[in-house]
Amino acid sequence: MKKTALITGTSSGIGKATVRYFAEQGWNVAATMRTPQKETELAQLPNVRLYALDVTDPQSIQQAISSALTDFGGIDVIVNNAGYGAVGIFEKATPEQIRKQFDTNVFGVMNVVREILPYFRKNRAGTIINVTSMGGRITFPIYSVYHGTKWAVEGWAEALQFELRPLNIRVKNVEPGAIKTDFYERSMDLFQKEGLTDYDRYEQITYNNSQKAGEDAPGPEVVAKTIYRAATDGSSKLRYPASTQSSMLLFMRWVLPLNGFMGIVRMAVEKGFKS
Ligand SMILES: NC(=O)c1ccc[n+]([C@@H]2O[C@H](COP(=O)([O-])OP(=O)(O)OC[C@H]3O[C@@H](n4cnc5c(N)ncnc54)[C@H](OP(=O)(O)O)[C@@H]3O)[C@@H](O)[C@H]2O)c1
């Protein structure tokens, strides 16, 4: 029987590429997004159905999961992909910006998992895949709030897999490096605070270096393939670095003393800045 994946945040980037890839491999896909009425391309694919789902709205999650279960007869894999970057100097962030970032990237993931667990538990089967980030295990300047969310999901998921293992439910974190998507453009929420100028040069230089990394990055297909591997390799492996950059940096973080590693990060992200 065909397997079914439900994926969040599929209007663009990694989510959209993952819908395409799973559909190409013959899976049914419940492609969920905030505004499915705007989507034209995915709706044309065979075995793909669109559902409205905002990860901050528990009722929409419940409705989308229930409709997908009815339409496809089951769900084998959940991909928690929806998320965005709230970015900038921490002192410039408003409490609302910080809360919204955690509501989406952390509590949104927990909302979806809470809703699917009774079904997975009943079946004694299911795979939960979280699209975290290499930024869930290492850090860069101007991303402190975003890193807080991705480190939170990494730690939560690592603990959760203990509880779910005896029920044959797998938990996996897919960790992309920089990937060229709308993440660096329309999806980004930039912190701004008029009159706070002390950070100006540092912020400008680190922002430009980070945007350049996004421009030079590979497309989202590499992450879609890694998500598919995590869904199908049959292992209980928890972490999947999802690009060459991610594999390299996470390996360096693993083998180097923290101070040495942070020196290398500073050389890259503060390039052009002399204090
Ligand atoms: N691009 C990178 O460099 C990179 C690196 C590491 C990790 N990631 C992670 O990869 C995931 C996907 O990002 P992307 O790079 O593909 O960026 P993207 O193209 O901006 O896609 C983000 C998706 O999340 C959706 N979304 C945002 N808030 C949502 C909410 N409340 N409910 C449901 N959907 C919501 C967006 O929907 P709308 O169209 O409605 O806004 C969009 O579909 C994110 O979790 C991101 O943190 C990205």
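Start at 1 with the first residue, then count along the sequence.
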Which pairs would a plain distance check flag for residues 175-184, meaning a side-chain donor or acceptor within less than 3.5 Å of a matching protein atom at least two apart in sequence or in another chain?
from, atom 1, to, atom 2, distance (Å)
Glu175, OE1, Arg137, NH2, 2.9
Glu175, OE2, Arg137, NE, 3.0
Glu175, OE2, Arg239, NE, 3.4
Lys180, NZ, Glu215, O, 3.4
Thr181, OG1, Phe183, N, 3.0
Asp182, OD2, Arg186, NE, 2.8

Below 30° counts as parallel, above 60° as perpendicular, anything between as tilted: where do the rings of Tyr143 and Tyr146 land? perpendicular
Exam field: side chain Gln161 to backbone Ala157, donor-acceptor pair closer than 3.5 Å: no
By salt bridge (charged side-chain N to carboxylate O under 4.0 Å, His left out), Asp57 pairs with (sequence neighbours left out) none
Can you sort out the partners of Phe251 under ring pair (Phe, Tyr, Trp, His ring centres under 6.0 Å), two or more places apart, ordered by chain and number? none
Which hydrophobic side chains are connected to Phe162, either touching it within the sub-4.5 Å cutoff or through other members that do? none
Residues 112-124, side-chain donor-acceptor partners within the protein, below 3.5 Å, at least two apart:
from, atom 1, to, atom 2, distance (Å)
Arg114, NH1, Asn111, OD1, 3.2
Tyr119, OH, Ile75, N, 3.4
Tyr119, OH, Asn123, ND2, 3.1
Arg124, NH1, Arg121, O, 2.8

Name all residues meeting the ring pair (Phe, Tyr, Trp, His ring centres under 6.0 Å) criterion together with Phe191; count only those two or more places apart in sequence or in a different chain, and write none if there are none. none
Flag, side chain of His147 to backbone of Gly136, donor-acceptor distance under 3.5 Å: no
Quick note, side-chain hydrogen bond (donor to acceptor under 3.5 Å, both in side chains) partners involving residues 253-269, not counting sequence neighbours, are none
So does Glu41 get a backbone contact from the side chain of Gln44, meaning a donor-acceptor N/O pair under 3.5 Å? no
Measure the spacing between OG of Ser243 and CG of Leu249 and express it to the nearest 0.5 Å. 8.5 Å
For residues 125-132, which side-chain donor-acceptor pairs fall under 3.5 Å, sequence neighbours excluded?
from, atom 1, to, atom 2, distance (Å)
Asn130, OD1, Asn80, ND2, 3.0
Asn130, ND2, Asn173, OD1, 3.1
Thr132, OG1, Glu154, OE2, 2.6
Thr132, OG1, Val174, O, 3.4

Whether over 12 other heavy atoms sit under 6.0 Å from Gln25 CD: yes
Once side chain to side chain contact (heavy atoms under 4.5 Å, CB included) is applied, do any residues pair with Thr35, and if so which ones, sequence neighbours excluded? Gln37, Lys38
My understanding is that only residues two or more places apart in sequence, or in another chain, count here; which of them pass side chain to side chain donor-acceptor pair (under 3.5 Å) with Lys92? Glu203
Determine which pairs satisfy ring pair (Phe, Tyr, Trp, His ring centres under 6.0 Å) with at least one residue from residues 48-91, sequence neighbours left out, and list them in order. none
Quick one: closest heavy-atom pair of Val223 and Ala242, and the distance? CG2-O, 4.1 Å
For the backbone of Gly234 and the side chain of Arg170, can you confirm whether one donor and one acceptor N or O come within less than 3.5 Å of each other? yes
Please report the shortest heavy-atom distance between Leu42 and Thr10, naming the atom on each side. CD1-O, 3.5 Å
Can you list everything that forms a ring pair (Phe, Tyr, Trp, His ring centres under 6.0 Å) with Tyr21? Sequence neighbours excluded, please. Tyr228
Return yes if a side-chain donor-acceptor contact under 3.5 Å exists between Gln204 and Tyr199, otherwise no. no
Is there a donor-acceptor pair under 3.5 Å between the side chain of Thr197 and the backbone N or O of Asp200? no
Under 3.5 Å: donor-acceptor pair, side chain of Thr206, backbone of Pro141: no
